[in-house]
Structures are given as structure tokens and as C-alpha cells.
Amino acid sequence: MSVLGVGLIGAGNISDTYLRLAPLFADFEIRAVSDIDMDRARAQAAGYGMRAETVDEMLSAGDIDLIVNLTVPKAHYAVSRRILEAGKHCYSEKPVVLTLDEGRALLDLAAARGLRLGSAPDTFLGGAHQTARALLDAGAIGEVVGGTAHVMSRGMEHWHPNPDFFFQPGGGPVLDLGPYYITDLVQLLGPVRAVSAMGWASFPTRTIGSGPREGETVLVETPTTLHGLMEFEGGAIVTLGASWDVWRASHPHIELYGAVGTMQLPDPNNFGGEVTVAEGPAGFAAAEVAHPFAAPNDGEEGEVANYRGAGLADMVRAIDEGRAHRCNGDLALHVVDVMLGILASAERREWVEMTTTAPRPAPLPPEAARKFLKNPEDG
Ligand SMILES: NC(=O)c1ccc[n+]([C@@H]2O[C@H](COP(=O)([O-])OP(=O)(O)OC[C@H]3O[C@@H](n4cnc5c(N)ncnc54)[C@H](O)[C@@H]3O)[C@@H](O)[C@H]2O)c1
């Protein structure tokens, strides 16, 4: 297959990760960077040896087939819409949109134009999470009846130089970090039927802890502690704790309770990590994780498995092969439905039924993942 030309809109924090890791992948090449702030676009483009261009220039560029939307969540819909209207495939950072109407409009537009809409997160394609999927599908813990998922920390204002969007409507721990957890749970257990939750905005302001705005305070306009329940269509009930108000917690990131055992999964914001399984009442034992997207390749000492871009690589191959892509718009919109349901339940103090569904994305076995890589020995 020929290499697909990719452009990035949004030259902020996460663009570094895409630009740094893109050379790992065989089937796409990032050729240009754009931003509403052209100084940022020029700086990123110069750093990675590619063109900087305005959004309009990128939308009409003949060598760009697919555009990755790395803007802030409140701009996702408008930017993705322009990408599709320009006749280019669109892959968005999460959350893909902030309302179901926006998501349906993008899915309809993509279908009408014969284009693909994809979305992060792609960390569920990571070696640890795909190992868990394979074990689950092989019946290692039997039918799952319940579980827990916890994502808890003391906020985002300490490290992000412009953390405002985290604390505005459209941010908060559920919409920001929930996609990693909920997408992984949907790939493992299938779609969600209904949710309930309680939550609150525990502290009215946060103080920026780094960068040029250090010491400035930002207003908190969305709940920062939420505890929810998700009922899956298959019957399993999973607790979700999501908070930016917690100094220290010790829950496993994800724990699943099955008819014959228990499984613990590592952070679904990462590709690698340890998967442990307990058979019956026995203690936990680590499962063998033999998958290219679990091999350490990043981090200060090369200790982290980071294959961000894998979802994009899969979408590019899926276009060529005429099959569904795993990080697809239906899946991303269902996850938005779950997250908005949790927020609405907390606000209205009632259960919320999902109005969308999405099939489990296909598993990504090691041999399929290896095909995404330019040098299969990288994984
Ligand atoms: N920072 C992370 O570690 C991280 C990790 C995973 C996912 N994400 C997701 O990636 C997205 C971007 O996050 P970030 O941390 O890079 O944010 P950021 O604020 O650092 O960068 C966003 C960039 O988008 C640009 N932008 C905003 N609106 C635009 C528009 N309409 N047209 C063109 N450019 C526009 C901004 O000027 C900015 O440079 C978010 O959806 C976030 O949830 C971030």
C-alpha cells in the first residue's frame, strides 16, 4: 500500500508525542503542522523538519489525505467538521465531540462523503490491554459479573502550562481521562446499557503550578470528583471512580471479577504494564505479555511502551483493506454517551440509559500489530 500523507491541526502539548512516534509506523507520514497560533505551528514544524501551514492551506493541500485533530476538546467538532468537509479523513484526539448531536453529525458527514472518522484513545491497542482481551476471550476468568475502574490524582494544574480547559465544561476527570478507561472496558466487555453517578466540583479554583502562568488561578466549572456505576449490555456492573481531588489512592486501575477468577489491568492511559490473573481464591499471578505494543520504547530511560499513533496506523490500513478501523467513530461516540450520561446522572440525580451502542472493536493480536510498524523489530 502507498503511504498516506497526514497533517496535524493543533501544535500543543500532545503534538510532540504524535510527531515523535510517527516514524515508528509504516503506512503514514506526517507532512505538515497547523495551529490557530501559527508561531506554535512554525516552532513544532521546524523541530520535526516539516511544513507549517495555516488550517486553510492544510485543508486544500494535495498531499494530505488525513488530518489529525489535536485541538482542545471544545474545538474538536468544528475542526473535525471542516476536515471532513474538505474531503479528508479525520482522526481526532479524545473526546471526539462534546455532544451526541455533534457526533452523529460527524458520523453522517463521514459516511456521506465516504471518509473515515477515527478517534483516540488507542491505548487499548497496547500490548497489556490486548493481552487482557485475549485472556478474557479465552475464558481465563469466565464470564465477567462486575469490576472497578479508578482514575484518581491531585489535578492537572501542576504540570500543564495552560490547564484551563481541564476545569471547564467539556473537561473534568470523566471527559478527560474517562475515555481511556471506558474505551478499554468496552473493548473488553462490550457496550454499556445504563449509568448512574454522583459528583461535585470540590474546590472552586486551582492554581497553575508550572510554565509562564505559574501562580495564576483558574476557575473550576465542572465536577472534579465523580463516582459512577456502569451497567454493561452483557450484565456486568462496573464502578468508576474519577477524581482530580485525591492526593493518594491504591485501587488497581481496572479490576474485573469473573465467574472463575479475577483480573487486574494496568493504567489504560498506557500501552504496557502488568496484567495479573487470580484463579478462584488463589493469589494473583502475572500473565505473560508478549505483544509488540508492550515493548518499552519511550520515556526518560526508554522504560515506557508508547505506541500513540497505533489507532491512526490501524485506520490507515483499514482504509486500504476496506475493513472497519478499531478506533472508530461509533465506539468513540458510545464512550461519549457513557461519559455524558455519568455527568448528567450526577447533575439530575437519576439513572441514564444509553442511546448509542457500539460493537467491541476487533482484537489486535501481536502479528497484526507488528504489520503496523516500519521496522517490526521496534515492537
Ligand atoms: N496533553 C496530553 O498529555 C494529552 C494526552 C492525550 C490526549 N490529549 C488530548 O489532546 C488534545 C489537545 O491537548 P493538548 O494538551 O495538546 O492541548 P494544548 O492546549 O497544549 O494544545 C492545543 C492546541 O490547539 C490549538 N487550537 C485550539 N483551537 C484551535 C482551532 N480552532 N484551530 C486550530 N488550532 C486550534 C491551540 O492553539 C493549541 O496550540 C485534547 O483533546 C486533549 O484531551 C492531550
Side-chain angles (χ1 to χ4, degrees), residues 1-12 14-36 38 41 44-45 48-71 75-94 96-97 103 105-122 125 307-333 361 364 368-369 371-374:
M1 63 177 282
S2 55
V3 170
L4 223 68
V6 170
L8 302 187
I9 300 183
I14 196 64
S15 65
D16 263 325
T17 308
Y18 280 86
L19 289 161
R20 187 175 73 250
L21 297 175
L24 284 175
F25 299 102
D27 303 317
F28 69 88
E29 182 181 85
I30 302 180
R31 296 182 175 153
V33 183
S34 178
D35 199 289
I36 206 166
M38 281 308 289
Q44 282 300 67
Y48 290 92
M50 58 191 61
R51 335 194 277 271
E53 53 194 17
T54 63
V55 172
D56 284 333
E57 285 166 347
M58 184 178 285
L59 291 174
S60 57
D63 65 341
I64 302 289
D65 310 292
L66 187 159
I67 297 181
V68 182
N69 181 354
L70 301 182
T71 63
H76 283 176
Y77 170 69
V79 171
S80 292
R81 183 165 193 102
R82 289 195 68 199
I83 293 169
L84 293 168
E85 281 171 349
K88 305 202 185 285
H89 303 289
C90 174
Y91 184 89
S92 174
E93 251 305 333
K94 51 78 195 166
V96 62
V97 285
L106 289 185
L107 283 168
D108 288 349
L109 181 58
R113 303 276 173 110
L115 296 165
R116 299 292 181 114
L117 174 67
S119 176
D122 56 2
L125 301 178
Y307 295 87
R308 242 170 243 245
L312 181 55
D314 175 55
M315 187 164 112
V316 167
R317 284 189 84 87
I319 292 167
D320 187 62
E321 294 166 6
R323 61 167 171 82
H325 51 293
R326 292 172 172 85
C327 299
N328 60 68
D330 289 312
L331 173 64
L333 190 60
L364 183 69
K371 290 195 182 126
F372 295 179
L373 296 170
K374 204 176 279 168

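As the structure is a prediction and not an experimental result, all values here were calculated from the model.
Rounding to the nearest 0.5 angstrom, the gap separating the CZ atom in F25 from the CG atom in L312 is 8.0 Å. Taking NZ of K88 as the start and CZ of R113 as the end, the distance is 12.5 Å to the nearest 0.5 Å. Separating the CZ atom in R31 from the CE atom in M58 is a distance of 12.0 Å, to the nearest 0.5 Å. For the atom pair CD1 (I319) and CG (L4), the distance works out to 5.5 Å, reported to the nearest 0.5 Å. The distance from atom CE of M38 to atom OG1 of T54, rounded to the nearest 0.5 Å, is 6.0 Å. Atom NE2 of H76 and atom OG of S92 lie 4.5 Å apart (nearest 0.5 Å).
When every heavy atom of F28 is checked against every heavy atom of A22, the shortest pair comes out as CE1-CB, 3.9 Å. Of all heavy-atom pairs spanning V96 and A332, the tightest one is CG1-CB, 3.6 Å. Nearest heavy atoms, A26 versus V3: O-CG2, 3.8 Å. Minimum interatomic distance between E93 and S119 (heavy atoms only, all atoms of both residues): O-OG, 4.0 Å. A pairwise comparison of heavy atoms in C327 and L125 identifies SG-CD1, 4.1 Å as the closest pair.
For K371, the NZ atom sits in a loose shell: 12 or fewer heavy atoms of surrounding residues, nucleotides or ligands are nearer than 6.0 Å.
Residues passing the side chain to side chain donor-acceptor pair (under 3.5 Å) test with D16, sequence neighbours excluded: Q44, Y48. Scored by the side chain to side chain contact (heavy atoms under 4.5 Å, CB included) test, R81 finds Y77, E85, A105, L106, L109 as partners (sequence neighbours excluded). In terms of the side chain to side chain donor-acceptor pair (under 3.5 Å) criterion, D65 has no residue partners (sequence neighbours excluded). Not counting sequence neighbours, A324 has no partner by the side chain to side chain contact (heavy atoms under 4.5 Å, CB included) test. Taking the side chain to side chain contact (heavy atoms under 4.5 Å, CB included) definition, one finds that A110 meets it with L84, L117, sequence neighbours left out. Remark: N69 engages T71, S80 in a side chain to side chain donor-acceptor pair (under 3.5 Å) (not counting sequence neighbours). Taking the ring-ring contact (aromatic ring centres under 6.0 Å, His included) definition, one finds that Y18 meets it with nothing, sequence neighbours left out. For D320, there are no salt bridge (charged side-chain N to carboxylate O under 4.0 Å, His left out) partners two or more places apart in sequence or in a different chain. Residues satisfying the side chain to side chain contact (heavy atoms under 4.5 Å, CB included) criterion with N328, sequence neighbours excluded, are H325, D330, L331. Taking E57 as the reference, nothing meets the salt bridge (charged side-chain N to carboxylate O under 4.0 Å, His left out) condition, with sequence neighbours excluded. Listed by chain and residue number, D314, E321 satisfy the side chain to side chain donor-acceptor pair (under 3.5 Å) test with R323 (two or more places apart in sequence, or in another chain). Annotation: salt bridge (charged side-chain N to carboxylate O under 4.0 Å, His left out) contacts of E53 (sequence neighbours excluded): R51.
Between the D122 side chain and the G309 main chain, a donor and an acceptor come within less than 3.5 Å of each other. R116 places a side-chain N or O within 3.5 Å of a backbone atom of A318 that can act as its donor or acceptor partner. Under a 3.5 Å cut-off, the side chain of K374 and the backbone N or O of P23 do form a donor-acceptor pair. Using modelled atom types, no side-chain atom of S34 and backbone atom of I9 make a donor-acceptor pair closer than 3.5 Å.
Side-chain contact between L364 and F372: present, with at least one pair of heavy atoms (C-beta onward) separated by less than 4.5 Å. Counting heavy atoms from C-beta outward, V97 and L333 have side chains that approach closer than 4.5 Å. Using a 4.5 Å heavy-atom threshold, the side chains of M315 and L66 count as touching. Counting heavy atoms from C-beta outward, L8 and D35 have side chains that stay 4.5 Å or more apart. Between L21 and Y307, the closest side-chain pair of non-hydrogen atoms is not below 4.5 Å.
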Practice task
Apply salt bridge (charged side-chain N to carboxylate O under 4.0 Å, His left out) to the pair D56 and R82, showing each step before the final yes or no.
Solution key: CA-CA 9 Å; D56 284 333; R82 289 195 68 199; 2.5 Å; yes
Problem - Intermediate values then yes/no, side chain to side chain contact (heavy atoms under 4.5 Å, CB included), V68 and I30 - result: CA-CA 9 Å; V68 182; I30 302 180; over 6 Å; no
